[in-house]
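None of these values were measured; they are calculated from a predicted model. Throughout, residue positions are numbered sequentially from 1 according to the sequence presented. In each ligand, atom 1 is the first atom listed, and ligand 1 is the first ligand listed.
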Amino acid sequence: MKSTNYDLHTHSDASDGTLSPADLVQNAHHRGVNTLALTDHDTVAGLPEARAAADLCGINLIDGVEVSVCWNGQTIHIVGLAIQSESNVLTEGLLQNIKVREQRAHLINEKLCSAGLEPMEWGIIQGQNVPTRTHFARHLVAGGHAKNINQAFKRYLAKGKPAWVEAEWLPLGEGVQRIVQAGGIAVVAHPLRYKLTRTRVCSLVEDFQRAGGRGIEVVSGHTKPDQLRDMVGISAQFGLLASRGSDFHDLSQVWAPLGGGPAVPEECEPVWTHWLAA
Ligand code: MN
Ligand code: MN
Ligand code: MN
C-alpha cells in the first residue's frame, strides 16, 4: 500500500452515493486513503458529517463539490477542491443547478410514463438532497427494467434514449468562476468520459483555463496506462495541476474502489501541492 493515498473525487448519499458521509470517510480510512475529498454533485450538504468523521479517524478531509456545467451543448463535470463551502457565490450557483435537477426529474418521470414505465414517487425524489439520474437508474433496476445502473442508463436515461432530458446547467465559465470565488481549485473531472476528440479536449481545456480553471484528473478510478499517458500529456501541454480520484459511488462498484487507480506520475505537478504550500 502506498504511504500517501489521495482520493479527491468521491460521492456520499448527500448526492448519488450509497454511503453516508461518515461511512464514506471510515471506508476510505480503512482502505488506506490519507487525504479524501468529498465531492457530491451540486451540493456541500455532506461536508459537516464528513468533517466530524474525518476528525475522529484522523483522515485529512478536503471540502469539495462536483459541479455540472454546459460547454458547447455538452455536459461537463468540474470538481471544486478546497472550497469554502459556506461561500454565497458558490451556494447560489449550486442552487441554480439543483433547480435544474428538480425540473429534469419531473420531465424524466413524464417520459418514463410515456414509455409505459412506472415513474418514481415524487416524495422519494423530494426526499433526496439532490435528485440525480442515478436515483432513476436504481429505481429502474428495482423495477426489473435493467440488471444494473449502467444498463438502466444505456436503455433509458442516456442521450437519445426514451427518458433522456436535456439539462441547462451553469455555463462552464460561470461554474469555474463560482468555484474560484469560493477559494477553490477547479479541476476537469474524468476528461475521457466525454468521448471528445483530442482537438475538442484541447478547446475545452483552453476555455476552462480562460475561466480560471487549474487542474485535470489524470487518474480517474481504474485508468489504463495509455489513458494515463494521454492525460499526463495534456496536463503537461497546458500546465494543469494533476488530480486523482476514484469517483466512488457505491461499494458494489468494484472497479472504482476508494483510493483505487494508479499513482499520479512523478513528472506531474499534483494538485495537492497547492494547498500543502498554502
Ligand atoms: Mn454520480
Ligand atoms: Mn462526474
Ligand atoms: Mn463524480
Side-chain angles (χ1 to χ4, degrees), residues 6-21 24 27-28 33 36-47 50 62-71 74-81 83 94 97-98 100-101 104-105 108 125 128-141 148-154 157-159 165 167 169-170 172 175-176 179 184-196 201 204 208 213 215-223 227 231 243-253 255-261 271:
Y6 292 84
D7 191 337
L8 303 178
H9 186 156
T10 65
H11 297 272
S12 75
D13 64 4
S15 66
D16 61 346
T18 53
L19 298 183
S20 69
L24 175 80
N27 271 274
V33 174
L36 175 78
L38 174 59
T39 57
D40 275 310
H41 295 283
D42 295 320
T43 186
V44 296
L47 290 175
I62 302 298
D63 287 347
V65 68
E66 181 173 19
V67 182
S68 295
V69 300
C70 276
W71 176 74
Q74 177 141 16
T75 295
I76 304 288
H77 287 175
I78 305 294
V79 162
L81 295 174
I83 49 161
L94 300 182
N97 268 358
I98 286 178
V100 170
R101 288 182 175 280
R104 180 177 69 167
I108 291 176
I125 295 171
Q128 306 303 324
N129 182 47
V130 175
T132 72
R133 286 190 300 163
T134 305
H135 293 113
F136 282 96
R138 291 198 189 110
H139 163 76
L140 288 164
V141 172
N148 55 43
I149 288 177
N150 258 346
Q151 196 179 62
F153 270 91
K154 277 191 186 140
L157 297 163
K159 195 163 196 162
V165 175
W169 310 115
L170 298 175
L172 171 78
V176 169
I179 290 168
I185 306 167
V187 175
V188 177
H190 40 66
L192 293 169
R193 187 102 48 92
Y194 316 113
K195 309 233 182 312
L196 302 172
V201 172
L204 166 64
F208 168 74
I216 194 164
E217 286 181 351
V218 300
V219 175
S220 175
H222 177 76
T223 305
Q227 297 175 325
M231 290 307 106
S243 191
R244 173 183 197 271
S246 61
D247 205 0
F248 174 90
H249 283 75
D250 186 332
L251 287 169
S252 72
Q253 296 180 319
W255 61 91
L258 285 160
V271 66

Closer than 3.5 angstrom, by distance alone: can the side chain of Asp40 be matched with the main-chain N or O of Ser12 as a donor-acceptor pair? yes

Return the set of residues passing side-chain contact (heavy atoms from CB on, under 4.5 Å) with Val165 (not counting sequence neighbours), or none when no residue passes. Arg104, Leu107, Ile108, Lys111

Just by distance, no angles: are the side chains of Asp247 and Ser220 close enough, under 3.5 Å, to form a donor-acceptor pair? no

Do the side chain of Arg193 and the main chain of Ile76 share a donor and acceptor less than 3.5 angstrom apart? no

Closest to the Mn ion (ligand 1), which N/O/S atom of Asp16 is it? OD2

Among the N, O or S atoms that His11 has, which is closest to the Mn ion (ligand 3)? NE2

Would you say the Mn ion (ligand 1) has Asp247 as a near neighbour, meaning an N/O/S atom of that residue under 2.8 Å away? no

Metal-centred angle, NE2 of His41 through the Mn ion (ligand 1) to NE2 of His249, rounded to 10 degrees: 120°

With sequence neighbours excluded, tell me which residues meet ring pair (Phe, Tyr, Trp, His ring centres under 6.0 Å) with His77. His41, His190

side-chain contact (heavy atoms from CB on, under 4.5 Å) for Leu94 and Val67? Distances and angles first, verdict last. CA-CA 7 Å; Leu94 300 182; Val67 182; 3.9 Å; yes

Determine which of the N, O or S atoms in His77 is closest to the Mn ion (ligand 2) and give its atom name. ND1

Determine which of the N, O or S atoms in His190 is closest to the Mn ion (ligand 2) and give its atom name. NE2

Shortest-distance N, O or S atom of Glu66 relative to the Mn ion (ligand 3): OE1

